[in-house]
Amino acid sequence: MPELPEVEIVVRSLREDVIGRIILDIKNSWPNHLASVDLVEMRKRVIGSEITGINRRGKYIVFDLDSPDTMIIHLKMTGQLLLQPATSAEGDHVHTTFLLSGDDELRFRDVRKFGRVYLTQKPVEILGQLGPEPLSESFTPRLLNEMLLGRRRVLKPLLLDQHFISGIGNIYADESLFHAKLAPNRLSNTISEDESRQLYSSIRKTLQFAVDRGGATISDYRQPDGSEGEMQNSFKVYGKAGDPCRRCDGIIERVILGGRSTFFCASCQI
DNA sequence: ACCGGAGCCTGTTAGC
DNA sequence: TGCTAACAGGCTCCGG
C-alpha cells in the first residue's frame with residue numbers, strides 16, 4: 001500500500017506527536033508481525049524506552065530509542081499506524097499495540113498481515129541494501145543516468161526495485177513514467193541522457209506533489225490521525241485503464257510487467 | 001544478472 | 001442473488 005509519500009506523511013505526523021514519549025507496554029496478537037525478536041524479548045528490550053527520533057528510509061519507518069535498539073516498521077500493503085487514545089475502541093485488524101506515556105496507543109493495524117516490526121542494534125543490516133532516496137540532495141540527474149546505463153533491465157520493474165531506488169512503488173512508478181513520456185517496457189540501458197533527465201524530474205515532482213497532498217488513500221492508507229490523503233484524485237494513469245489519455249488522443253492501457261499491473265499510454269509514452 | 005512464479009494474508013470486486 | 005476467480009499500494013525466495 002503505502003509508498004514513499006504515504007510513509008513520509010506518517011513519519012512527519014508521528015514525529016510531531018510521539019517523540020519524547022515512553023513506551024510503557026507492548027501487545028501483540030499476530031506473532032509474525034514481530035520479525036526479529038518475539039514479544040517476550042521485545043518487551044524486555046523496549047518497555048521503558050523513550051522514542052527520541054522518527055525517520056523514514058525508503059518505505060521503512062525508523063524509531064530511534066534511548067537504548068542500543070532501533071525499532072523499524074514496514075507497513076507493506078495494508079499497514080496503518082494509528083495514534084489513538086488508549087481508552088478508545090481498538091477496532092478490527094490491530095495486531096501490535098504500543099502503549100505510550102500520555103495515555104495514547106500507537107496501533108499497528110494491518111488487514112493482510114504483511115507488515116513487520118523489526119528490533120535491531122544494527123539497523124544497517126535491514127536498511128543498508130536500499131538504493132538512494134529519490135528526494136535527497138545526493139540523488140542527481142547524473143547519478144540516475146549512470147545507474148540506468150549500468151543495468152540492462154526493463155524500466156518499470158527496475159523502478160520498483162528498492163535496491164535501485166528506494167521508496168517508489170507501483171503507483172508512483174507508473175505516474176512517473178507517464179510524466180516522463182517513457183514506455184514502461186523500455187530497457188534501462190537504452191534511455192538517452194535527455195530521457196534520463198526527464199525521468200529524474202518526473203520522479204521528483206511526482207513524489208513531492210504526492211507528499212504535498214498528504215499521500216493517496218485508495219482503501220487502507222490513513223494518516224495516523226485517521227484522515228485521508230488527496231493524491232488519489234490526481235492520478236493520470238494508475239487505475240485508469242480504458243480512459244482517454246490526459247495528454248494525447250490515446251487510451252490508457254493495462255498490462256502486466258514484473259508481475260504487477262502497469263498503466264500507461266502507448267501513444268505518447270515511447 | 002535477470003525474470004517469472006509462488007508465497008505471505010484478507011477483503012473487495014468483477015464476472016458468470 | 002450467489003458463488004468463484006481475480007485482484008490489491010510490497011517484498012523475498014527459488015529455480016531456470
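Chain A is the first sequence line, chain B the second, and so forth, proteins listed ahead of strands; every chain is numbered from 1.
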**Message:** Between B:dA6 and C:dA5, how far apart are the two P atoms, rounded to whole Å?
**Reply:** 16 Å
**Message:** Could you check whether atom CD of A:Glu16 has more than 12 heavy atoms from other residues, nucleotides or ligands sitting under 6.0 Å from it?
**Reply:** no
**Request:** Using side chain to side chain contact (heavy atoms under 4.5 Å, CB included) as the criterion, list what pairs up with A:Arg12, not counting sequence neighbours.
**Result:** A:Glu8, A:Arg15, A:Val211
**Request:** Answer yes or no: does a side-chain N or O of A:Gln162 lie under 4.0 Å from OP1 or OP2 of C:dG10?
**Result:** no
**Message:** What residues from residues 106-117 of chain A pass a heavy-atom cutoff of under 4.0 Å to DNA chain C?
**Reply:** A:Arg112, A:Phe114
**Prompt:** Reckon A:Gly259 touches a base, only the sugar-phosphate, or nothing at all at heavy-atom distances under 4.0 Å?
**Reply:** nothing
**Prompt:** Between C:dA8, C:dT12, B:dC2, which one does the side chain of A:Arg254 approach most closely?
**Reply:** C:dA8
**Request:** Please tell me if the side chains of A:Glu175 and A:Val237 come closer than 4.5 Å, counting only heavy atoms from C-beta onward.
**Result:** yes
**Request:** Quick one: label A:Tyr238 by what it contacts on the DNA or RNA (base, sugar-phosphate, nothing), any heavy atom closer than 4.0 Å.
**Result:** sugar-phosphate
**Request:** Using a cut-off of strictly less than 4.0 Å, decide whether A:His74 has a side-chain nitrogen or oxygen near OP1 or OP2 of C:dC11.
**Result:** yes
**Message:** I'd like to know if A:Thr78 reaches the base of C:dG9 with its side chain such that a donor and an acceptor end up less than 3.5 angstrom apart.
**Reply:** no
**Request:** Salt-bridge test for A:Glu3 and A:Lys59: reply yes if a basic N is under 4.0 Å from a carboxylate O, no otherwise.
**Result:** no
**Fill in**
Contacts of A:Phe164 meeting ring pair (Phe, Tyr, Trp, His ring centres under 6.0 Å) (sequence neighbours excluded), chain-then-number -> none
**Request:** Would you tell me if any nitrogen or oxygen in the side chain of A:Arg153 comes within less than 4.0 Å of OP1 or OP2 on B:dC3?
**Result:** yes
**Message:** Give me the distance, rounded to whole Å, that separates C:dT1 from B:dT10 when you measure between the P atoms they each carry.
**Reply:** 28 Å
Scan the side chains in residues 120-131 of chain A for donor-acceptor partners under 3.5 Å anywhere in the protein, sequence neighbours excluded, and list what turns up.
unit_1   : atom_1 : unit_2   : atom_2 : d
A:Thr120 : OG1    : A:Lys122 : N      : 2.8
A:Thr120 : OG1    : A:Lys122 : O      : 3.4

**Asked** Would you call A:Asp194 and A:Arg197 a salt bridge, taking side-chain N to carboxylate O under 4.0 Å as the test?
**Response** yes
**Prompt:** When you check the phosphate oxygens OP1 and OP2 of C:dC11, does a side-chain N or O of A:Lys76 lie under 4.0 Å from one of them?
**Reply:** no
**Prompt:** For DNA chain C, what dot-bracket results from Watson-Crick or G-U pairs at under 3.5 Å, with [ ] for crossers and | for inter-strand partners?
**Reply:** .|||||||.|||||||
**Prompt:** Hey, would you say the A:Phe139 and A:Tyr200 ring centroids sit under 6.0 Å apart?
**Reply:** yes
**Asked** In whole Å, what is the span from the CG atom of A:Asp161 to the C1' atom of C:dC11?
**Response** 10 Å
**Request:** Considering just the side-chain nitrogens and oxygens of A:Asn32, establish if one lies under 4.0 Å of OP1 or OP2 belonging to B:dC9.
**Result:** yes
**Request:** Pick the C1' atom in B:dC3 and in C:dG9, then give their distance to the nearest Å.
**Result:** 22 Å
**Request:** Compare side-chain N and O positions of A:His93 against OP1 and OP2 of B:dG11 and report whether any pair is under 4.0 Å apart.
**Result:** yes
**Atom P, compared across C:dA6 and B:dG7: separation rounded to whole Å** = 15 Å
**Item:** Results of ring pair (Phe, Tyr, Trp, His ring centres under 6.0 Å) for A:Tyr172 - residues two or more places apart only
**Value:** none
